[in-house]
Amino acid sequence: MINSKHLPFKGLFKAGFFLPSVISMVVISTIWIYLYSANGFFNNMMKLFGMHALDTSWLASTKTALISIMIMDIWAAIGYYTILFLAGLQEYWRGI
């Protein structure tokens, strides 16, 4: 989608995708700590859909802490690698 020539607001979409790469890790950590808290977004969504929510923070449980940190790290880094991939795609198509 970000390599499409006819996508409206393509620049805004690229900026939104790259945004986590330029935000401070302190800000990212603060946001995700709230999302993973016992009364945070993810537990509330699980309760809303009738699923069993965790009694504690996702980061306090040994079953969910590692995967929670991995998800946050992937989200924070994916924009950088996507921009590199996009540059490679555009250079490839320019050479054809």
Side-chain angles (χ1 to χ4, degrees):
M1 282 179 52
I2 59 176
N3 198 28
S4 173
K5 295 191 186 312
H6 305 294
L7 182 69
F9 305 110
K10 183 171 75 170
L12 185 63
F13 186 70
K14 284 182 191 177
F17 215 85
F18 191 65
L19 189 64
S21 297
V22 296
I23 294 177
S24 167
M25 190 53 81
V26 173
V27 174
I28 291 172
S29 299
T30 304
I31 291 169
W32 282 88
I33 285 173
Y34 166 71
L35 293 174
Y36 286 139
S37 71
N39 294 323
F41 178 76
F42 293 129
N43 272 346
N44 286 335
M45 286 295 110
M46 289 176 73
K47 289 175 189 173
L48 182 68
F49 291 111
M51 300 167 67
H52 176 69
L54 295 177
D55 295 331
T56 63
S57 168
W58 288 56
L59 299 173
S61 171
T62 56
K63 295 178 182 176
T64 59
L66 181 61
I67 192 70
S68 299
I69 292 171
M70 289 169 60
I71 290 170
M72 182 198 71
D73 191 45
I74 290 169
W75 177 81
I78 200 165
Y80 175 76
Y81 295 108
T82 302
I83 295 298
L84 287 179
F85 182 70
L86 177 63
L89 275 177
Q90 290 175 345
E91 186 62 29
Y92 174 77
W93 289 112
R94 189 181 352 227
I96 292 180

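All values below were derived from every heavy atom in this structure, side-chain atoms included, with hydrogens, water molecules and symmetry-related copies excluded. Note that the structure is predicted; figures quoted are calculated from it, not measured.
Separating the CG atom in Asp55 from the OG atom in Ser61 is a distance of 10.0 Å, to the nearest 0.5 Å. Atom CD1 of residue Ile31 and atom CH2 of residue Trp75 lie 6.0 Å apart, to the nearest 0.5 angstrom. Between the CD1 atom of Ile69 and the OG atom of Ser29 there is a distance of 9.5 Å, given to the nearest 0.5 Å.
Environment of CG in Leu19: crowded, with over 12 heavy atoms of neighbouring residues, nucleotides or ligands closer than 6.0 Å.
Taking both residues in full, the closest heavy atoms of Ile28 and Pro20 are given as CD1-O, 3.3 Å, listed atom of the first, atom of the second, then distance. Scanning all heavy atoms of the two residues, the minimum distance from Ala76 to Ser21 falls at O-OG, 3.5 Å.
None of Ile71, Thr56, Thr64 except one satisfies the side chain to side chain contact (heavy atoms under 4.5 Å, CB included) rule with Tyr36; the exception is Ile71.
Cluster membership check: Ile23 shares its hydrophobic cluster with Met25, using side-chain heavy-atom separations under 4.5 Å among Ile, Leu, Val, Met, Phe, Trp and Tyr. There is no path of hydrophobic side-chain contacts, each under 4.5 Å, that joins Leu12 to Val22. Note on Leu35: it clusters hydrophobically with Met51, by side-chain heavy-atom contacts below 4.5 Å among ILVMFWY residues. Hydrophobic clustering of Ile, Leu, Val, Met, Phe, Trp and Tyr side chains at less than 4.5 Å, counting indirect connections, keeps Leu89 apart from Phe18.
Connectivity analysis of hydrophobic side chains (ILVMFWY, heavy atoms under 4.5 Å, direct or indirect) links Ile74 to nothing; its cluster partners are none.
Counting only heavy atoms from C-beta outward, the side chains of Leu84 and Tyr80 approach each other to under 4.5 Å. Between Leu86 and Lys14, some side-chain heavy-atom pair lies under the 4.5 Å cut-off.
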Would you be so kind as to tabulate the donor-acceptor pairs closer than 3.5 Å made by side chains of residues 39-49, with sequence neighbours excluded?
residue: Asn43; atom: OD1; partner: Leu54; partner atom: N; Å: 3.3
residue: Asn43; atom: OD1; partner: Trp58; partner atom: NE1; Å: 3.0
residue: Asn43; atom: ND2; partner: Ser37; partner atom: O; Å: 3.4
residue: Asn43; atom: ND2; partner: Ala38; partner atom: O; Å: 3.0
residue: Asn43; atom: ND2; partner: Leu54; partner atom: O; Å: 3.3
residue: Asn44; atom: ND2; partner: Asn39; partner atom: O; Å: 3.2
residue: Asn44; atom: ND2; partner: Gly40; partner atom: O; Å: 3.2

